[in-house]
Amino acid sequence: MPAPFDHNDSNVVVIVGSGAGGGTLGSELAQKGIDVVILEAGSRHETWDFINDEWDSFGQLAWKDKRMTSGDWQVAKDFPNLPAWIVKSVGGSTVHWAGASLRFQEHEFKARTNYGEVEGANLLDWPIDLAEMEPWYAKAEDRMGVTRTNGIPGLPGNNNFKVLEAGAKKIGYKEVHTGRMAINSEPRDDRASCMQIGFCFQGCKSGAKWSTLVSEIPKGEATGRLEVRPDSHVMRIEHDDSGKVTGVVYADAEGREQRQKARVVCVAGNSIESPRLLLNSNSSMFPDGLANSSGQVGRNYMRHTTGSVYGVFDKPVHMYRGTTMAGIVQDEAKHDDSRGFVGGYELETLSLGLPFMAAFLMPGDWGRDFAADMEQYRNMAGLWIVGEDMPREDNRITLADETDEYGMPIPNVNFDDHPNDTAMRDHAYKQGSAIYDAVGAMRTIHTPPYPSTHNLGTNRMSERPEDGVVNRFGQAHDVPNLFVSDGSQFTTGAAENPTLTIVSLALRQADHIANRMGKGEL
Amino acid sequence: MALRDDTLVQNRRGFLKSGAGLLAMTIMPSGLIVGNAWAQMPQSTDPDTFKTLVQMSRDCYPHAQIEDKYYANAVNILDEAARSSEEELAFLEDNCAKLDKAAMDAHGVRYSEIPSDDDRTALLKLIETDPFFQKVRGNLVVGLYNQKELWPVFGYEGASADKGGYMDRGFNDIDWIS
């Protein structure tokens with residue numbers, strides 16, 4: 001039966017969330033002939049609706065529902081109710097991602113084996129490895145049109161990249177280039193090429209950047225088998241006496257409670273909402289939350305070791321012109337514990353507009369020095385640190401006592417920096433400064449982490465059911481027709497931006513679900 | 001020193017709902033006398049209170065190139081909130097009175113009349129963790145720096161999609177790096 005689907009249609013696969021995981025999975029399943037309903041908490045904003053204005057765009061796209069924070073991380077002090085900067089809109093955070101599409105390195109899939117026992121960390125090997133993922137990475141890169149793959153040329157470097165490149169090469173870095181980006185450097189797949197607008201975080205107005213909104217979802221909808229239902233906030237997943245899930249309860253645009261039946265439920269609401277939903281779906285059969293016999297739902301929250309370095313020069317840079325993530329230094333991405341930490345990090349250009357610079361350069365700071373820094377805005381170059389952080393059991397999402405407008409407990413995000421994270425950040429700050437110092441920076445500014453954009457690990461994948469929430473295909477260990485399809489299934493975080501891996505896992509999961517359904521196993 | 005997120009969220013929500021229009025309305029015609037540029041703004045706070053808030057705002061983020069009226073625009077966001085809330089109004093009046101009293105005790109004049117930047121900053125340092133100071137400072141993060149008229153001062157060009165992006169407008173025009 002073609003979309004839209006009836007609430008009582010128990011043959012549909014229901015996917016919660018339309019971002020990198022959910023949007024890709026839903027589209028791929030539909031293209032395989034499977035009926036899919038994607039329930040998206042946010043509204044639908046199309047390319048032409050996006051706004052080249054940081055605060056206005058934040059108001060349009062960001063997930064602003066109240067959240068709580070605890071722990072010693074700087075974000076809890078600076079932004080106690082905004083632990084994450086992610087999107088609540090059709091397309092999820094693929095609407096605002098910068099486009100960096102990097103494969104994990106082989107050793108990162110086996111962090112426990114390669115890094116050894118790290119005190120205070122809950123490291124575990126992924127049940128899959130790079131060799132198994134390679135064909136899926138290849139498929140995802142082709143699908144997303146990643147530059148420097150499939151014969152697609154790299155993007156041209158902007159001013160911010162030129163400063164980074166010159167400095168990095170001066171201090172001996174070799175792996176410096178304009179990145180592997182899911183942004184068209186030439187027209188491809190019915191999408192135009194990049195116009196160097198900037199505002200990648202605010203939704204790409206030219207459509208050059210891949211997102212599930214502009215790419216996957218329209219293709220899925222064209223099959224007639226995918227229905228994307230916006231303004232649908234899922235509150236609970238329901239199950240029957242046999243322990244199989246039967247559907248979801250959600251609040252619609254008017255706040256009315258609705259029930260959508262389902263054959264299979266896939267959770268892809270990002271690493272804060274996905275565990276929140278599972279924990280809130282407790283029952284007498286699953287007293288600690290759905291799929292939580294391991295006790296790992298919500299735990300091992302990772303957010304990448306981050307921070308920014310801004311170099312202040314005596315001449316203009318205009319870093320905001322052109323792509324936000326305009327280039328990368330990969331030399332530090334290796335695992336080399338002689339540096340004083342395990343795992344590695346990437347250095348990627350980043351720019352903020354003037355309004356966000358005021359909010360994020362040094363949150364809470366004021367006075368003459370801060371004002372003087374702001375006055376150097378045109379002369380700044382900027383980079384962002386993206387490094388592997390350690391999973392910790394107590395870095396976790398829990399349900400707070402306070403409830404939201406639908407009566408659903410709001411999530412609390414607890415995070416303590418691991419000493420490995422701190423050592424890595426300090427190293428990266430130093431290297432970032434060295435890059436800019438090498439090309440004549442008057443000074444450099446070390447900006448603390450922004451609210452998390454990479455939220456990972458809270459429903460992790462494990463070989464053994466007692467170590468994690470889902471198996472090698474993202475299927476819940478405890479519930480056969482329940483899947484996790486977003487970055488929350490990451491066993492460890494690796495040093496790379498997560499989207500390419502989320503998309504690759506979603507394509508692989510779609511293949512798995514379709515095969516199992518074909519055999520009558522789901 | 002924390003940028004209080006609730007302040008940030010309230011600011012941005014308030015701003016998004018009404019702030020853009022509010023700012024557009026309250027941008028004053030140029031040529032008014034510096035120091036009195038906000039005289040025509042509707043005010044709920046006492047004029048002395050308003051003046052103290054404007055001076056505080058300038059001292060939080062002092063930019064010599066920025067005229068007083070832009071700081072007054074930001075203060076007007078606080079003033080507007082106080083128009084519909086007696087509690088808010090009392091909060092601003094009481095705390096500005098306290099700051100002015102501290103100024104009188106130390107320097108014999110109101111806060112906004114202390115001639116030395118360093119002396120004023122020293123008084124603010126004493127209250128920088130107070131909710132009052134944080135409210136005035138937090139308000140500026142959006143209320144000052146999001147005034148589009150000021151962006152050229154900082155070399156920020158704002159929206160670019162409507163101009164075709166920067167592909168032909170200098171995205172890679174840097175000439176001093178090799």
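The sequence lines fix the lettering, A, B, ..., with proteins before strands; numbering per chain opens at 1. Values below: all heavy atoms of this structure, side chains included; hydrogens, waters and symmetry mates excluded. Being a predicted model, the structure only gives us computed values, none of them experimental.
Contact of Leu124(B) with chain A is made through backbone and side chain together, with heavy-atom distances under 4.5 Å. Both the backbone and the side chain of Glu157(B) have a heavy atom closer than 4.5 Å to some heavy atom of chain A. Proximity to chain A is absent for every atom of Asp175(B), based on heavy atoms less than 4.5 angstrom apart. Both the backbone and the side chain of Lys162(A) come within contact range of chain B, judged by heavy atoms closer than 4.5 Å. Heavy atoms of Asp117(B) lying under 4.5 Å from chain A belong to its backbone as well as its side chain. With a 4.5 angstrom heavy-atom cutoff, Pro156(A) touches chain B via backbone and side-chain atoms both.
Residue Ile177(B) forms a side-chain contact (heavy atoms from CB on, under 4.5 Å) with just one option from Val163(A), Val317(A), Leu164(A), Asn159(A), and that option is Val163(A).
Aromatic ring pairs are classed by plane angle as parallel below 30°, tilted from 30° to 60° and perpendicular above 60°; the pair Tyr377(A) and Tyr156(B) is perpendicular. Using the six-membered ring where Trp is involved, Trp176(B) and Phe313(A) have ring planes that are tilted, between 30° and 60° apart.
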Apply salt bridge (Lys or Arg N to Asp or Glu O under 4.0 Å) to Lys148(B) and Asp53(A), showing your working. CA-CA 10 Å; Lys148(B) 290 185 175 59; Asp53(A) 181 294; 2.8 Å; yes
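Per-residue counts of heavy-atom pairs under 4.5 Å with chain A were compared for Asp162(B), Asn172(B), Val153(B); the largest is that of Asn172(B). Options Phe161(A), Phe199(A), Tyr320(A), Phe370(A) differ in how many heavy-atom pairs under 4.5 Å they form with chain B, and the most are formed by Tyr320(A).
Looking at heavy atoms from C-beta onward, Met374(A) lies out of side-chain contact with Tyr61(B) at the 4.5 angstrom threshold.
Using modelled atom types, no side-chain atom of Asn52(A) and backbone atom of Gly158(B) make a donor-acceptor pair closer than 3.5 Å.
Taking a 6.0 Å sphere around CG of Asp72(A), one finds it holds more than 12 heavy atoms contributed by other residues, nucleotides or ligands.
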